Novice: 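The structure follows.
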Amino acid sequence: MAIGVVGLLLVVALGLALFRPRAALMTVVFLAPWAGLDVDIGLRVTAHVIFLAPLAGIMFLRVVQSAGSFATAASLGAFWLVMAYSVLWSLAQIPFLPDAAVAGGSLRSPEFRALFQIVRFLIEVSPIFIVPLIAKNFQDIVGLVKTYLISVAILATLGWVQLGIWSETGQNPFPIGYVHTLLGVEGSVRSGQMLFEGSWIYRMNSFGGEPKGLGVGLAVGLLLIQAGVRGAGKVGVFLWPFLFVSMVATFSTMALLAWFGGSLVLYATPRNLKLILPKLPSKVKSPVFITAMVAGAAVLFALCVTPESRIVQLVEMRTIERVTSGEEHSGFLEDFNVAVLGYLQANPLAGFLGVGLGNIHLYADPFLPDYAISYASGTSFVAKSGLLRWVSELGLLSFLAFFFWALGRFRTAGNLLESRLGGEQFAIVLSKATTAITAFWLVSGYISPQFYLMVGITVAVVGISRAQGHSGATSSYFLPSTSQQPMGDTSHIQSRPL
């Protein structure tokens, strides 16, 4: 049944990619935080990957066939060299992989997993060239961001439904692995819960995968709002408190601390030292914002002083105490990061060149901390940090090449917006979002889909800026307008800044 459902979704995704590429891209963005829509058919695949794979294939064929698309893709320059190294170096490692019995079936054997991870990596990074080929104006870019905010808002709403049913019935309606078992695949479901002062605390996970998966997905939405991006008008003012409380309800150490770090980076970005609110009439903006903040503060205060909730102690337990708890949890690094770092410290050359995509578990298994051996030894795992995963699999040299290439695109996009199009406000928002999400990705590889989409958006902004600013005129996006058209219609693009 599972294979049939995956096949059907692939057909739908292929149809969208062929005839409605914009809709296909919007679907990919929407599904980015829905890690719980997954199934294990010998290899774990998510709905995000299922819809992204056909789109990547179709757009690559169009690059080969169309001179215009080829020029757009060719402008990525060093990115393609990094991809070529990633594939060739990973293929070169396959004959030398150690023999190991890995749990999960024959499809997780070292050789097959290595091949699959190469394909998966190419699919995962494909938004970097897909978004510039599809997004042709600034309204398309804003539409993608709004789609993501709508997605996390729905996820959070389902999360509160989950907690409500769970609290009343004692049964988790959306346990981890729910979709997997619903499709008839053998396996067990799990629930995120913890014992606190004699009571069980339920951790929200919705359809975001594990609680930490939902938490980091919501945190990306928070950072986007903080960067000045809104869902729509007044709604954006109330969306941040809702997403923040929902993120806290996951009790994810990674989400809370990575969001905090991302926020520090966001506000440390030059010229981006204040929160940009949705553009509402001045008579409305202040009362609406103040009312929302006061209401949010009142709710949080009530939670803090209510003995039954003890929210402060819970958050402290999941953050400060966990980070400083020593060997039991190895601080914030935890299990897989500890093992990968241990291997790289013992084998520095592997840190420079990498061991190939999807292979690190074969080498890092002996370095797992004692508390992680019971559940991680003999399984396939990767580092949880985006930086550490890239370095361990593809090496520090390729990471630096990719990272500085991406930073160059970020800077170019901002410069073009300001110098050619008069879009200083857009440039500030883009700079905030990219720096914060990049910093987040370095710590948490769980947001890799969102990070590569963000890089793709930045590359698209470079192309749009160059195309619309070729004559030196200000872009129509930043000029006054009285109407708003659907995504993709460039005749009347709404002008309000992000």
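Just so we're clear, the structure is a prediction, and the values are computed from it rather than from any experiment.
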Novice: Above 12 or not: heavy atoms from other molecules or residues under 6.0 Å from OH of Tyr178?
Specialist: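 Atom OH in Tyr178 is not crowded, with 12 or fewer foreign heavy atoms closer than 6.0 Å.
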Novice: Are more than 12 heavy atoms, taken from residues, nucleotides or ligands other than Phe60, located less than 6.0 Å from that residue's CZ atom?
Specialist: no
Novice: Could you go through Phe402 and Phe79, starting from their C-alpha distance and side-chain angles, then the distance that decides it, and tell me whether this counts as side-chain contact (heavy atoms from CB on, under 4.5 Å)?
Specialist: CA-CA 7 Å; Phe402 173 76; Phe79 167 76; 4.2 Å; yes
Novice: Go through the steps to decide whether Phe381 and Leu368 satisfy the test side-chain contact (heavy atoms from CB on, under 4.5 Å), and finish with yes or no.
Specialist: CA-CA 11 Å; Phe381 61 83; Leu368 283 167; 4.1 Å; yes
Novice: What are the two closest heavy atoms between Leu394 and Ser86, and how far apart are they?
Specialist: CD1-OG, 3.4 Å
Novice: Could you check Val459 against Leu76 for side-chain contact (heavy atoms from CB on, under 4.5 Å), going step by step and ending with a plain yes or no?
Specialist: CA-CA 8 Å; Val459 174; Leu76 298 180; 3.3 Å; yes
Novice: So, do Val265 and Phe440 sit near enough that their side-chain heavy atoms are less than 4.5 Å apart?
Specialist: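 Sidechains of Phe440 and Val265: no contact.
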Novice: Between Ile141 and Leu430, is there a side-chain heavy-atom distance shorter than 4.5 Å?
Specialist: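 In short, these two side chains do not touch, never coming nearer than 4.5 Å.
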Novice: Atom CE in Met247, atom CG in Leu214: separation rounded to 0.5 Å?
Specialist: 10.5 Å
Novice: Can you see which heavy atom on Leu266 is nearest to which on Leu223, and at what distance?
Specialist: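 Answer, listing the atom of Leu266 first, then Leu223: CD1-O, 3.6 Å.
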Novice: Do Trp160 and Leu163 have side chains that get closer than 4.5 Å, going by heavy atoms?
Specialist: yes
Novice: Which distance, rounded to the nearest 0.5 Å, do you find between the CG of Leu344 and the CZ of Phe367?
Specialist: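 Spacing of CG (Leu344) from CZ (Phe367) equals 9.0 Å.
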Novice: Determine yes or no for a side-chain-to-main-chain donor-acceptor pair under 3.5 angstrom, with Asn205 supplying the side chain and Phe174 the backbone.
Specialist: yes
Novice: Roughly how far apart are Asp365 CG and Ile373 CD1, rounded to 0.5 Å?
Specialist: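 Going from the CG atom of Asp365 to the CD1 atom of Ile373 covers 8.0 Å.
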Novice: Rounded to the nearest 0.5 Å, how far does CZ of Phe399 lie from CG of Leu387?
Specialist: 4.5 Å
Novice: Looking at every heavy atom in both Ile176 and Gly209, which two are closest together, and how far apart are they?
Specialist: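 Closest pair (atom of Ile176, atom of Gly209, distance): CG1-O, 3.9 Å.
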Novice: Looking only at heavy atoms, which two atoms of Ser444 and Val216 are closest? And how far apart?
Specialist: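 For Ser444 versus Val216, the nearest heavy atoms are OG-CG1, 3.8 Å.
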Novice: Is the Trp441 ring parallel, tilted or perpendicular to the Trp390 ring (thresholds 30°, 60°)?
Specialist: perpendicular
Novice: How about Ile464 and Phe138: do any of their side-chain heavy atoms sit closer than 4.5 Å?
Specialist: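 Answer yes - side chains close enough.
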Novice: Could Glu124 and Arg120 be called an ion pair, given the rule that one side-chain N must be under 4.0 Å from one carboxylate O?
Specialist: no
Novice: Would you say that Ser90 contacts Gln117 through its side chain, given a criterion of any heavy-atom pair below 4.5 Å between the two side chains?
Specialist: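 No, side chains not in contact.
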Novice: Would you call the rings of Tyr452 and Phe121 parallel, tilted or perpendicular if under 30° counts as parallel and over 60° as perpendicular?
Specialist: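 Rings of Tyr452 and Phe121: perpendicular, as their planes differ by over 60°.
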Novice: Keeping Thr458 on the side-chain end and Arg409 on the backbone end, is there a donor-acceptor pair under 3.5 Å?
Specialist: no
Novice: Could you report the tightest heavy-atom contact between Leu37 and Val179, atom names first, then the distance?
Specialist: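 Reported closest heavy-atom pair: CD2-CG2, 3.9 Å.
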Novice: Please determine whether side-chain contact (heavy atoms from CB on, under 4.5 Å) holds for the pair Ile134 and Met26, giving the CA-CA distance in whole Å, both sets of side-chain angles, and the decisive distance to 0.1 Å.
Specialist: CA-CA 10 Å; Ile134 296 177; Met26 298 284 271; over 6 Å; no
Novice: Can you check whether Glu393's main-chain N or O pairs, donor with acceptor, with Trp89's side chain at less than 3.5 Å?
Specialist: no
Novice: Looking at every non-hydrogen atom in both residues, tell me the closest pair between Pro33 and Leu155 and how far apart they are.
Specialist: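 Looking at all heavy atoms of both residues, the shortest contact is O-CD1, 3.6 Å.
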Novice: Out of curiosity, Ser75 OG to Trp80 CH2, how far, rounded to the nearest 0.5 Å?
Specialist: 9.5 Å
Novice: A side-chain contact here means heavy atoms from C-beta on lying under 4.5 Å apart; do Phe244 and Leu218 qualify?
Specialist: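 Sidechains of Leu218 and Phe244: no contact.
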Novice: A side-chain contact here means heavy atoms from C-beta on lying under 4.5 Å apart; do Gln226 and Trp259 qualify?
Specialist: yes
Novice: Have a look at Val29 and tell me which of Leu52, Ile150, Leu144 forms a side-chain contact (heavy atoms from CB on, under 4.5 Å) with it.
Specialist: Leu144
Novice: Nearest 0.5 Å please: distance from the CD1 atom of Ile130 over to the CG atom of Leu55.
Specialist: 4.0 Å
Novice: Would you say the side chain of Val220 lies within less than 4.5 Å of the side chain of Val152, judging by non-hydrogen atoms?
Specialist: no
